[in-house]
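These notes are about the structure you will find just below.
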Amino acid sequence: MKIIVTGATGTIGSAVLQQAIENPAVTSIIALTRRPVDTSSTKVKNIIHTDFLQYDDAVVSELKGAQACIWALGSPTSGKVVHIDYTLAAIDMCQTRLVPELKKGQKFRFVYTSGGAVPYLETVGSFLFGAIKALDRDICAVADKNPQSWESVVVRPWFVRDDAPTLPMGYILRPELGAAMVDAALNGCPTQILPNAEAKAKGQAALK
């Protein structure tokens, strides 16, 4: 399967990229990033893209044929434009430009990186968790409105770490999260929301 990965130079996106490279079911990866990715894998084609509010024909031509997008762009403090506007622009592009290219019976999967705290907190400093919570619902609604052509998976990790903490509560290792998100892109999920514990279990199973 050909997939799109964003945020591949970041903490989560780089873990996704590595797991996608290692997964034989992923045959082609378009890493859509703002700066170059550090990889020598022949699976990966890195497209430098600086404006995630719009996608010209040249970029879309590279993305065509993809059946999934793993969205891991930004950090918890990136703000509304990155978290809301960029995400909605990408969904619109995928729906209008990529889905029509799919073969009959195929579905496009959009795997979105949300956060474990989103269902519980409205604001943290200036970061609007309420808006992200609404975005999570909007992403799920796309699948509800287009069940024949679209699947949405909203992943909600808590503490993403490189190693296990002394008190192993509410964390997920980067390889586990990366593997869970790649598996969701390849195989979907029984539910649209993938909480931290379920993502951890999914990732561990995929890594075996």
Side-chain angles (χ1 to χ4, degrees), residues 1-99 101 108-115 127 132 135-136 139 152-157 160-162 172-186 199 203 206:
M1 178 189 285
K2 179 178 180 178
I3 68 171
I4 302 162
V5 177
T6 68
T9 59
T11 299
I12 295 175
S14 60
V16 169
L17 181 64
Q18 185 59 41
Q19 292 303 318
I21 290 170
E22 295 178 8
N23 194 313
V26 178
T27 55
S28 176
I29 306 162
I30 301 298
L32 199 61
T33 60
R34 291 173 286 190
R35 59 183 187 271
V37 296
D38 183 16
T39 180
S40 59
S41 172
T42 56
K43 278 189 182 183
V44 180
K45 184 165 187 177
N46 189 195
I47 306 296
I48 303 301
H49 189 61
T50 56
D51 185 359
F52 282 82
L53 290 175
Q54 55 186 355
Y55 298 82
D56 61 27
D57 290 343
V59 172
V60 172
S61 69
E62 297 288 355
L63 303 179
K64 284 184 177 180
Q67 291 179 248
C69 175
I70 302 178
W71 194 262
L73 192 66
S75 69
T77 57
S78 294
K80 175 183 177 296
V81 171
V82 172
H83 285 285
I84 308 294
D85 299 344
Y86 285 1
T87 307
L88 293 176
I91 289 173
D92 180 70
M93 179 276 295
C94 291
Q95 280 193 287
T96 59
R97 306 293 299 275
L98 303 186
V99 169
E101 300 291 326
F108 192 89
R109 295 193 179 105
F110 192 85
V111 182
Y112 174 70
T113 312
S114 183
F127 183 69
I132 299 298
L135 176 64
D136 287 3
I139 292 171
S152 297
V153 180
V154 175
V155 186
R156 288 178 170 169
V160 182
R161 296 178 56 96
D162 289 312
I172 185 168
L173 298 179
R174 289 176 65 244
E176 293 171 344
L177 180 56
M181 296 182 78
V182 170
D183 187 77
L186 291 169

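Position 1 is the first residue of the sequence, and the numbers go up from there. These values consider heavy atoms only, across backbone and side chains, with no hydrogens, waters or symmetry-generated copies.
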Polar side-chain atom of H83 near backbone of D85 as donor-acceptor pair, under 3.5 Å: no

field: Main-chain N/O of A185 paired with R109 side-chain donor or acceptor, under 3.5 Å
entry: yes

Closest approach of [X] and [Y], non-hydrogen atoms and distance?
| X | Y | value |
| --- | --- | --- |
| A90 | Y55 | CB-OH, 3.6 Å |
| A184 | V153 | CB-CG1, 4.2 Å |
| S114 | V154 | CB-CG1, 3.6 Å |
| I172 | P157 | CG2-CB, 4.0 Å |
| A199 | V155 | CB-CG1, 4.2 Å |
| V5 | A8 | CG1-CB, 4.1 Å |

From [X] [atom1] over to [Y] [atom2], what is the distance, rounded to the nearest 0.5 angstrom?
| X | Y | atom1 | atom2 | answer |
| --- | --- | --- | --- | --- |
| D57 | E62 | CG | CD | 12.0 Å |
| Y86 | K80 | OH | NZ | 11.0 Å |
| I3 | L17 | CD1 | CG | 8.0 Å |
| K2 | K43 | NZ | NZ | 14.0 Å |

- prompt: Pick one: which of V182, T42, V16, I29 meets side-chain contact (heavy atoms from CB on, under 4.5 Å) with I21?
  reply: I29

- request: Give me the ring orientation class for F52 and W71: parallel if the planes are under 30° apart, tilted from 30 to 60°, perpendicular past 60°.
  value: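 Rings of F52 and W71: perpendicular, over 60°.
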
- prompt: Between F110 and Y112, how do the two ring planes meet: parallel, tilted or perpendicular, split at 30° and 60°?
  reply: parallel

query: Going through the checks in order, is the side chain to side chain contact (heavy atoms under 4.5 Å, CB included) test met by L63 and M93?
result: CA-CA 10 Å; L63 303 179; M93 179 276 295; 3.5 Å; yes

Which residues share a side chain to side chain contact (heavy atoms under 4.5 Å, CB included) with E101, sequence neighbours left out: K64

Check: residues 30-38 side-chain donor-acceptor pairs under 3.5 Å, at least two apart:
from	atom 1	to	atom 2	distance (Å)
T33	OG1	R35	O	2.7
T33	OG1	N46	ND2	2.8
R35	NH2	T9	OG1	3.4

Within-4.5 Å side-chain heavy-atom neighbours: T87 and L73: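 Counting from C-beta outward, T87 and L73 never come under 4.5 Å.
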
message: What I'd like to find out is whether the side chain of Q19 reaches to under 4.5 Å of the side chain of P175, using heavy atoms alone.
response: yes

message: Using the salt bridge (charged side-chain N to carboxylate O under 4.0 Å, His left out) criterion, which residues pair with D162? Sequence neighbours excluded.
response: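 For D162 the salt bridge (charged side-chain N to carboxylate O under 4.0 Å, His left out) partners, ignoring immediate neighbours, are R174.
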
